Amino acid sequence: QVWKAKVADDDVEELLSVRPAAIAEAKRLCPVLVRAELVRASDGVWLDVLTWSAPDGEEQLMARAGEFDALHRMHGLLEGAEQVGRGEVASSA
């Protein structure tokens with residue numbers, strides 16, 4: 001699953017600071033989250049690439065949204081987040 005969002009230059013440091021806690025929180029709440037990779041694309045655009053071990057992983061995580069803390073802080077730094085792709089990992093190196 002690939003998400004795209006803008007991050008203001010002034011928020012990058014905070015994003016990178018809260019990210020580890022947010023991902024740890026997500027994995028604790030939803031163990032089917034296998035991996036989350038953050039990619040700085042260009043001009044303030046970032047990609048969040050999430051790998052789930054179950055096809056409904058996102059739904060499982062969002063069912064626990066009332067328990068989010070670090071995830072809410074992280075999401076507050078992402079402007080205009082939109083899902084741009086979803087597929088199956090065919091190969092990984």
Side-chain angles (χ1 to χ4, degrees):
Q1 182 178 41
V2 180
W3 289 84
K4 175 177 121 177
K6 295 276 274 182
V7 178
D9 289 341
D10 292 345
D11 291 336
V12 169
E13 187 175 324
E14 185 177 354
L15 172 65
L16 296 176
S17 176
V18 74
R19 175 83 176 176
I23 298 308
E25 179 178 85
K27 286 181 174 184
R28 177 181 56 78
L29 294 171
C30 185
V32 299
L33 177 60
V34 175
R35 182 173 56 248
E37 298 175 283
L38 189 61
V39 178
R40 186 189 313 230
S42 63
D43 296 331
V45 173
W46 292 70
L47 303 174
D48 202 351
V49 182
L50 307 174
T51 304
W52 306 93
S53 64
D56 67 340
E58 178 187 12
E59 291 81 11
Q60 288 184 43
L61 178 61
M62 295 312 297
R64 310 276 310 263
E67 300 172 61
F68 291 0
D69 179 34
L71 281 164
H72 282 311
R73 291 195 313 265
M74 183 184 77
H75 288 163
L77 302 168
L78 307 174
E79 301 169 24
E82 63 176 307
Q83 183 175 298
V84 295
R86 185 180 191 114
E88 182 177 330
V89 175
S91 177
S92 181

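Everything numeric here is computed off the predicted structure, so don't read it as measured data.
Taken to the nearest 0.5 Å, the CG atom of D9 stands 9.5 Å off from the CG atom of D43. Taken to the nearest 0.5 Å, the CG atom of D69 stands 12.0 Å off from the CE atom of M74. For the atom pair CD of Q1 and CZ of R86, the computed distance is 4.5 Å after rounding to the nearest 0.5 Å. The distance from the OG atom of S17 to the CZ atom of R73 is 8.5 Å, given to the nearest 0.5 Å. For the atom pair Q83 CD and L50 CG, the distance stands at 9.0 Å (nearest 0.5 Å).
Of all heavy-atom pairs between D48 and R19, the closest is OD1-NH2, 2.7 Å. Minimum heavy-atom separation, H72 to A65: NE2-O, 3.4 Å. The minimum heavy-atom distance between E25 and L71, with the atom names listed, is OE1-N, 2.9 Å. Scanning both residues, A5 and L78, for their nearest heavy atoms gives CB-CB, 3.8 Å. Between A36 and I23, the closest heavy-atom pair is CB-CD1, 3.6 Å. Residues E37 and R35 approach most closely at OE1-NE, 3.4 Å, considering heavy atoms.
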Going through the checks in order, is the side-chain contact (heavy atoms from CB on, under 4.5 Å) test met by D11 and V7?
-> CA-CA 6 Å; D11 291 336; V7 178; 4.1 Å; yes

Derivation of the side-chain contact (heavy atoms from CB on, under 4.5 Å) call for V32 and D56 = CA-CA 9 Å; V32 299; D56 67 340; 5.7 Å; no

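Other residues, nucleotides and ligands place no more than 12 heavy atoms under 6.0 Å from the CD atom of E13. Atom CD of E14 sits in a sparse spot, with 12 or fewer heavy atoms from other residues, nucleotides or ligands closer than 6.0 Å.
Hydrophobic cluster membership differs between V39 and V45, with clusters built from Ile, Leu, Val, Met, Phe, Trp and Tyr side chains linked at under 4.5 angstrom. Put simply, V12 and W3 are part of the same group of oily side chains (I, L, V, M, F, W, Y) that touch within less than 4.5 Å, one to the next. Under the 4.5 Å side-chain heavy-atom criterion for grouping Ile, Leu, Val, Met, Phe, Trp and Tyr, V18 is connected to F68 within one hydrophobic cluster.
W46 places none of its side-chain heavy atoms less than 4.5 Å from the side chain of E79.
No side-chain donor from either of E58 and W52 sits under 3.5 Å from a side-chain acceptor of the other.
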